[in-house]
Amino acid sequence: MLLFFTLGLLIHFVFFASIFDIYFTSPLVHGMTPQFTPLPPPARRLVLFVADGLRADTLYELDENGTSRAPFIRNIIMHEGSWGISHTRVPTESRPGHVALIAGFYEDVSAVAKGWKENPVEFDSLFNESKYTWSWGSPDILPMFAKGIDTNGHAHRPSSRDYKDNIKKVDDGVKEIVSMFNHFYGNDGKTTFIFTSDHGMTDWGSHGAGHPSETLTPLVTWGAGINYPQRVSAQQFDDSFLKEWRLENWKRLDVNQGILPVDYLNNTDLFKAESMFTNAVQILEQFKVKMTQKKEVTLPFLFTPFKLLSDSKQFNILRKARSYIKHRKFDEVVSLCKELIHLALKGLSYYHTYDRFFLGINVVIGFVGWISYASLLIIKSHSNLIKGVSKEVKKPSHLLPCSFVAIGILVAFFLLIQACPWTYYVYGLLPVPIWYAVLREFQVVQDLVTSLLTYPLSHFVGYLLVFTLGIEVLVLSFFYRYMLTAGLTAFAVWPFLTRLWTRAKVTSLSWAFFSVLLAVFPLMPVVGRKPDISLVMGAGLLVLLLSLCVVTSLMKRKDSFRKEELLVHLLQVLSTVLSMYVVYSTQSSLLRKQGLPLMNQVISWATLASSLFVPLLSSPAVFQRLFSILLSLMSTYLLLSTGYEAVFPLVLSCLMFVWINIEQETLQQSGVCCKQKLTSIQFSYNTDITQFRQLYLDDIRRAFFLVFFLVTAFFGTGNIASINSFDLASVYCFLTVFSPFMMGALMMWKILIPFVLVMCAFEAVQLTTQLSSKSLFLIVLVISDIMALHFFFLVKDYGSWLDIGTSISHYVIVMSMTIFLVFLNGLAQLLTTKKLRLCGKPKSHFM
């Protein structure tokens, strides 16, 4: 098993790394011939102002008194220059925004694996092509920032007085610099000024995605070569901004990044046409270099050129454009050049993704082979499915290994003659040994087919459809949380479709009730929610009420409930009360601007520290130990909660408890074992391996339930986006001074608590159903790898960093699910099987 696990880890690492070779390689090309416009430029110098994080509406709108927050720039719009909205692209972050402005291309997607201050590849820029460049701004990243707006936006939100007042400071700074330049150069009229922003910001102070408040940035230009303001009587736009900003009589010229905005230029039509022609030829040069590079490393009979832009078509477009310029048909030149740019960019994308299909096929073949091998291992070693089928041992043949060696040599030779990178050899050769291992078990495949043929076809198809539907629901739940609601609703109906309803009506009704109750949480909002301490207090009261009922019930059983255990439960109840007090008093203190009280901070950290060892003092009986774990973890969770999520672990735990009972009922119904009371079953550290049974078909459902509950534990109250931009108010009971590492660690523990509750409950399920962890991990491995295969095709290399990062995160989560399960299983075993005694008594384990 250790060898299998090690090899599996290595294979999964290769599968994970493959997405960076397939999706995240740099699209930039080098070695192009520089292109220049043959006409002299209208300006001798350019002054570029970039206001970091400035939204278009915040700059252009008037304040409550009807005056502009940026009077100098407003005056430029009305009397000196041209203006509009720059429609930036995602990711709306500082580095990609500046790269687009200064270097003229969109963010290199391979930068997703880099830090936000680091450029992943070398590229040409406006600075390189200028005789001299001076820049001022933040020393951390591209030194082109106007001071302060982005920082104020993150801290105080764009709607705040601080953010809006800072615009006036920026406006004053721009006015001062413009005056300085004009004075220094003697008002020679050869300076062009551009004022814009790298990205906007949402109402809640974040950026990076594609919300209009993030992508709509201001663009104001004036000076040499720029059109003067144009008065108009009416303008047609899809928004109502002009009326809101009272700029409906000044012509608005919007810009989509990547297209030369000729309407801004105050020059001859010839100059505009020549500039557009140069722009088109420059992009065409990139296309040619990319095509040549790909053609050189591809066998001639395998190379497929980009048909929409053949050599003859390139020649015809360029010849026609030159002819139009000669005959002074300048509008036709601009249109023709835009068409050429569009085709060249499509061609660049085509050659950049040329190998994607080949690499993807290799990874998919490896994935399917690995899933097949893991499935055969389950069937062969952990199930009764092929028992009783003839086990005729055949003499091993040398044909199979020789065939796969030959295939491996052919693949390596094919890659060698095409001068492929070494990673291509890994992706191309990895499926060979995997499929060799699968076909070595051909006898198992034959026995499996023989066994399945004895089952009714309708049953087999039904099970396959249900399994496929379950996998699809799990995959969709990563994108649409309401799919968890659909799944939990289906879970609620499940007992009524089986004989469980007739055998255990109360358990079935409890299962349905808590499934429906848990199904409400994925429908709740995750982004932009406001703290509601009353809900946290309500969750605490529910915990206290539940504790009272459980302790009263246990006290009636005088034979097994000792004073020591009562003391432990009372200590945990007190901890819950203190947590409620700390949450309430901390909130009140922060509202009064008095900070976090020291006593509250001490209680919070003490509660967190004790939550992992106090359960070890309780009885190892399944019910008592699980209840003790719930009380300890809920005390910490309350301290980390700001709203409705405080109720989530409580509802989840109630459903887990019913799950343990209902799984006992299903095994008793099938005659595998007899039902025992949960108060009499004890967790045992040294489990007798002979008690484990072989897997049954119903165990696939149990493994699926585990995966579904783990996904629900993660997405029940949030998603990748909400975790990425979590509310700092969640950790205010522990610290209020900004500390990314400590705050991140506290948030990770908050995320882990529902996982721990699920795994502790599943420890009880394994114990009561005599299910082996080893066989369980193999089933979960197959389920997670099938999901990973889905997410492999859903990885994005376009969109915001949040979109790209989320798609990678989904892939990583399911790829590492089995490893994560090993860690959780170890923690759950520690919490459930270890026993500490007070008063110096020795530690013992119960059998």
Q) Taking C-beta and beyond as the side chain, do V780 and V707 meet within less than 4.5 Å on heavy atoms? A) yes
(Q) Let's go through V758 and M656 carefully: what are the C-alpha distance in whole Å and the side-chain angles of both, what is the deciding distance for side chain to side chain contact (heavy atoms under 4.5 Å, CB included) to 0.1 Å, and is it a yes or a no? (A) CA-CA 7 Å; V758 171; M656 292 299 98; 4.1 Å; yes
Q. Is Y581 close to T576 at the side-chain level, that is, under 4.5 Å between some pair of heavy atoms?
A. no
(Q) Within the structure provided, determine whether L639 and S635 are in side-chain contact (heavy-atom separation under 4.5 Å). (A) no
Donor-acceptor contacts under 3.5 Å from residues 511-525 side chains, at least two apart:
{"from": "W511", "atom 1": "NE1", "to": "F491", "atom 2": "O", "distance (Å)": "2.6"}
{"from": "S515", "atom 1": "OG", "to": "W511", "atom 2": "O", "distance (Å)": "2.8"}

Q: Specify the closest pair of heavy atoms between S641 and Y637, including all atoms of both residues, with the distance to one decimal.
A: OG-O, 2.6 Å
Q: Measure the acute angle between the ring planes of F705 and F709, then classify it against the limits of 30° and 60° as parallel, tilted or perpendicular.
A: perpendicular
Q: Kindly compute the distance separating OG1 (T712) from CE (M483), expressed to the nearest 0.5 Å.
A: 12.0 Å
Q: Of all the heavy-atom pairs spanning M815 and H12, show the shortest one and how long it is.
A: CE-O, 3.1 Å
(Q) Quick check for you: to the nearest 0.5 Å, what is the distance between L612 atom CG and I629 atom CD1? (A) 10.0 Å
Q) Atom CG of L598 and atom CG of L596: how far apart are they, to the nearest 0.5 Å? A) 8.0 Å
Q | T586 side chain vs C733 backbone, donor-acceptor pair below 3.5 Å | A | no
Q: Please report the C-alpha distance between L706 and I779 in whole Å, then the side-chain angles of each, then the deciding distance to 0.1 Å, and finally whether the side chain to side chain contact (heavy atoms under 4.5 Å, CB included) criterion is met.
A: CA-CA 11 Å; L706 172 63; I779 299 175; over 6 Å; no
Q: Starting from the C-alpha separation in whole Å, work towards a yes-or-no answer on ring-ring contact (aromatic ring centres under 6.0 Å, His included) for F478 and F791.
A: CA-CA 10 Å; F478 279 65; F791 287 117; 4.8 Å; yes
Q.
For a 4.5 angstrom cut-off between non-hydrogen side-chain atoms, does M759 reach L821?
A. yes
Q.
Could you check whether E663 pairs with R701 (Lys NZ or Arg NE/NH1/NH2 to Asp/Glu carboxylate O, under 4.0 Å)?
A. yes
Q) Between T507 (side chain) and A504 (backbone), is there a donor-acceptor pair under 3.5 Å? A) no
Q) Do any N or O atoms from the side chain of T833 and from the backbone of Q829 form a donor-acceptor pair under 3.5 angstrom? A) yes
Q.
Is any side-chain heavy atom of L776 closer than 4.5 Å to one of F762?
A. yes
Q: Would you check if there is a donor-acceptor pair between the side chains of S585 and N600 at a distance under 3.5 Å?
A: yes
Q. Under 3.5 Å, side chain of T768 to main-chain N/O of V765, donor-acceptor pair present?
A. yes
(Q) side chain to side chain contact (heavy atoms under 4.5 Å, CB included) for F755 and L710? Distances and angles first, verdict last. (A) CA-CA 6 Å; F755 286 111; L710 288 173; 3.6 Å; yes
(Q) For a 4.5 angstrom cut-off between non-hydrogen side-chain atoms, does L474 reach F708? (A) yes
Q: May I have the step-by-step check of side chain to side chain contact (heavy atoms under 4.5 Å, CB included) for S604 and L608, ending in yes or no?
A: CA-CA 6 Å; S604 298; L608 175 63; over 6 Å; no
Q: Might you point out which heavy atoms bring N825 and Q766 nearest each other, and give the distance in Å?
A: OD1-NE2, 3.9 Å
Q: Would you tell me whether T832 and R625 have side-chain atoms, one donor and one acceptor, within less than 3.5 Å of each other?
A: no
Q: Grab the two heavy atoms, one from P649 and one from L757, that are nearest each other, plus how far apart they are.
A: CB-CD1, 3.7 Å
Q. Taking only residues two or more places apart in sequence, or in another chain, which ones meet S632 in a side-chain hydrogen bond (donor to acceptor under 3.5 Å, both in side chains)?
A. Q572
Q.
With no hydrogens and no angle check, just 3.5 Å: does a side-chain donor-acceptor pair link R702 and T666?
A. yes
Q. What is the distance from atom CG of L652 to atom OG1 of T717, rounded to the nearest 0.5 Å?
A. 10.0 Å
Q: Could you check if a side-chain atom of F479 sits within less than 4.5 angstrom of a side-chain atom of H810, using non-hydrogen atoms only?
A: yes
Q. How are the rings of Y811 and F16 set to each other: parallel, tilted or perpendicular (split at 30° and 60°)?
A. parallel
Q. Is there a donor-acceptor contact under 3.5 Å from the side chain of S628 to the main chain of Q624?
A. no
**Q.** Closest non-hydrogen atom pair, L650 against A539
**A.** CD2-O, 4.4 Å
Q: Verify, without hydrogens or angle tests, whether S575 (side chain) and L571 (backbone) share a donor-acceptor contact under 3.5 angstrom.
A: no
Q: Could you tell me the separation between the CG atom of L752 and the CE atom of M747, rounded to the nearest 0.5 Å?
A: 11.0 Å
Q.
When you compare the side chain of V573 with that of L548, does any pair of heavy atoms fall below 4.5 Å?
A. no
Q: Please round to the nearest 0.5 Å and tell me the distance separating atom CD of Q664 and atom OG1 of T769.
A: 9.0 Å
Q) For K750 and S730, which heavy atoms make the closest approach, and how far apart are they? A) NZ-OG, 3.8 Å
